[in-house]
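Atom set for the values below is all heavy atoms of this structure, side chains included, hydrogens, waters and symmetry mates excluded. In what follows, every chain begins at residue 1, and chains take the letters A, B, ... in the order their sequences are listed.
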Protein chains: 2
Amino acid sequence: MALDPRRLLLLRDVARAGSISAAARELGWTQPAVSQHLARLERDVGGPLLLRGPAGVAPTEAGEALLRRADVVAAELHAAGEELAALHSLRGGRVRLVAFPSAAATLVPDAVGALAADHPGVEVGLQEGEPPEALAAVSAGDADLALAFGYDGPPAGLGALAWRPLLEEPVHLVLPPGRRGPGRRGLAALADADWIGGCVRCRTHLVERCAAAGFEPAVRHSSDDYVVVQNLVARGLGVTVLPASALAAYRHPDVAVVDLPALGRRHVGLVHRPGADAVPATAALVARLVARASADA
Amino acid sequence: MALDPRRLLLLRDVARAGSISAAARELGWTQPAVSQHLARLERDVGGPLLLRGPAGVAPTEAGEALLRRADVVAAELHAAGEELAALHSLRGGRVRLVAFPSAAATLVPDAVGALAADHPGVEVGLQEGEPPEALAAVSAGDADLALAFGYDGPPAGLGALAWRPLLEEPVHLVLPPGRRGPGRRGLAALADADWIGGCVRCRTHLVERCAAAGFEPAVRHSSDDYVVVQNLVARGLGVTVLPASALAAYRHPDVAVVDLPALGRRHVGLVHRPGADAVPATAALVARLVARASADA
DNA sequence: GGTCGGCATAAGTTGTGCCTATGGCCCTCG
DNA sequence: CGAGGGCCATAGGCACAACTTATGCCGACC
């Protein structure tokens, strides 16, 4: 039978106290309790570890060997406690966030800045990524937290991951300078327009919405960079849709922006593995992202 | 509450196995048993250590910190087991023997030699000492085993120490060359002789015996070296008493030796702290000393 | 959509771990 | 030299902890 580490530590307490009775007093136990544990330990080991004398105990050679090991174990346990306390009090720790670009440009810097100001010991790893990759990274354990979005609801492919909504934002129609809005006909009025697509998910959403309006958009150009997209629109190469936050992060002076409820709303939120929001560093960043998002609203 | 080292090792098993269920299978436990221990550990720590996913578990940052510590603890426990096994199988270990001079000259070399031949890894520390100091050394933990003697019984001052008889031997009268034996009057015939004393305890014993015979011996000279004593006797400076083993170790060719039952018998045996005879290295030396002593008888 | 593998929870049973009580031993002090 | 106080071990009893079985939920995969 393998030796019980708790009894190993008890042996250490007894050796330090000098007698079984003294150790029992220090531990707040009774003498027989300690005595029985030692007897059991010696039975497991197969030989005596302490020699009992009238004035206390003295370790045998085997006892001294175990005591050296016990010191290491005790030190390790103590260090583990310190380490955990540091993580718990945010004197240390790490959180790896992967965010989609427009959020990375707006929400994230403020939240990370606030976290760094309060807890300089916490290390924040930041990476850009669109929702599918972001979710995969969290799932695989390569990231702790993802800032992701879905249209008209949480992003698809959540799987076992947890979804925490942060905010909803409208999706706007973005038109070249001079081009008139669709008017009462809504999206259908743009059936013949040239379209500029965004990221993969955004394009999918655009196609769905256009299908609901009765046409398939002709996507002439594509970029997942909302600055590039607006520049293309400003040059008259097509029309596009952009969520409010992308336009808040950057707005080309020449484009026209039209509110069009038929485009739906984009749901922005946090994704993490279940339970990960109880990890101190992650929780701290979550709290600051939530605060920042509700300040926007 | 301090974290339980057994649960720490369990965390390690789970992390290595990759899932709670797998760890339970490896341990021969059921899945809820492992699950409950982990839940308890996380409760003690105050946060999650493993994130549960559909395919198993992954450690959090705190979990990884604990796992590093757990590896050290596990290694230490394993090393402790190895160390104990080495002591148990006499591949290592140490025994410190303190013996009185005439035994050191006869019994001890044979026994130590036999032990060294069988178990070269065992280190034997040897020191000479008369019974009072020898017992004190064992009592204080400076020696593991004492070869000691007493007249007509175990040595005095054993206290809490254990006594293991090895052999009994007669005490002989040692006379200068040409001096006749005491005849039927026994010891009383030597009331007027000059006496040569041995070690402190031997002298005390001599005085007691003479008192029983009705006189107080005139001790002219003293030495605790049985060679010196015999040389003094051979030069005609007095008479003395010596136990058989001292005469077996060295016998001056000129002295006369007379068997005199009134001098009593010397009891030779081993002294150790209670339980010390269960320590492998000590037990091995004890066994060889016992074997050597009974071979003499 | 059914099956499988993962985990958590609830409830029951067994065993461990602690307690109190007692006795033996050695040492010390009156 | 006997009484008292220190040490320890053992026995018996009780309570909680630990492990069990039984069940349910969820996600992944065929």
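In summary, B:Glu42 and B:Arg52 engage in a salt bridge, as defined by a charged side-chain N under 4.0 Å from a carboxylate O. By the 4.0 Å N-to-carboxylate-O rule, B:Glu26 lies too far from B:Arg16 to be salt-bridged with it.
Both B:Ser19 and B:Gly159 lie close to DNA chain C; mapped to their nearest nucleotides by heavy-atom distance, the more 5′-ward contact belongs to B:Ser19. Comparing A:Glu42 and A:Arg6 by the nucleotide of DNA chain D that holds the closest heavy atom to each, the one mapping nearer the 5' end is A:Glu42. In this structure, B:Gly18 and B:Leu158 both approach DNA chain C, and ranking their closest nucleotides by distance from the 5' end singles out B:Gly18. Between B:Pro54 and A:Ser21, it is A:Ser21 whose nearest contact on DNA chain D lies nearer the 5' terminus.
Here the C1' atom of nucleotide C:dG17 and the CG atom of A:Leu41 are 15 Å apart, to the nearest Å. One atom, CG of B:Leu51, and another, P of C:dA8, lie 11 Å apart when rounded to the nearest Å. Rounding to whole angstrom units, CG of residue B:Asp4 and P of C:dT16 are separated by 16 Å.
Smallest separation of non-hydrogen atoms from A:Leu87 and B:Ala62: CD1-CA, 3.6 Å. Closest of all the heavy-atom pairs between A:Leu67 and A:Pro59 is CD1-CB, 3.9 Å. The minimum heavy-atom distance linking B:Asp142 with B:Arg96 is given by the pair O-NH1, 3.5 Å.
Annotation: side chain of B:Phe149 is not in contact with side chain of B:Pro154 (no heavy-atom distance under 4.5 Å).
Of the residues in residues 25-38 of chain A, A:Gly28, A:Trp29, A:Thr30, A:Pro32, A:Ala33, A:Gln36, A:His37 come within less than 4.0 Å of DNA chain C through at least one heavy atom, sorted by number.
In terms of modelled atom types and a separation under 3.5 Å, the side chain of B:Thr60 and the main chain of B:Leu49 share a donor-acceptor contact. The closest donor-acceptor contact from the side chain of A:Ser294 to the backbone of A:Val290 lies under 3.5 Å.
Rounding to the nearest 0.5 angstrom, the gap separating the NE2 atom in A:His37 from the CZ atom in A:Arg7 is 5.5 Å. Note: A:Leu84 CG to B:Arg69 CZ = 9.0 Å, rounded to the nearest 0.5 Å. From A:Leu38, atom CG reaches atom CG of A:Asp13 across 10.0 Å, with rounding to the nearest 0.5 Å.
Annotation: the terminal axes of the helix from C:dG1-D:dC30 to C:dG30-D:dC1 meet at 20°, where each axis is the rotation carrying the C1' atoms of four end pairs onto the next four (5 pairs per end, rounded to 10°).
Taking the 5' to 3' direction, DNA chain D first and last meets chain B under 4.0 angstrom from a heavy atom at D:dA18 to D:dA28.
Distances shown here put every side-chain N or O of B:Arg52 at or beyond 4.0 Å from the OP1 or OP2 atom of C:dG6.
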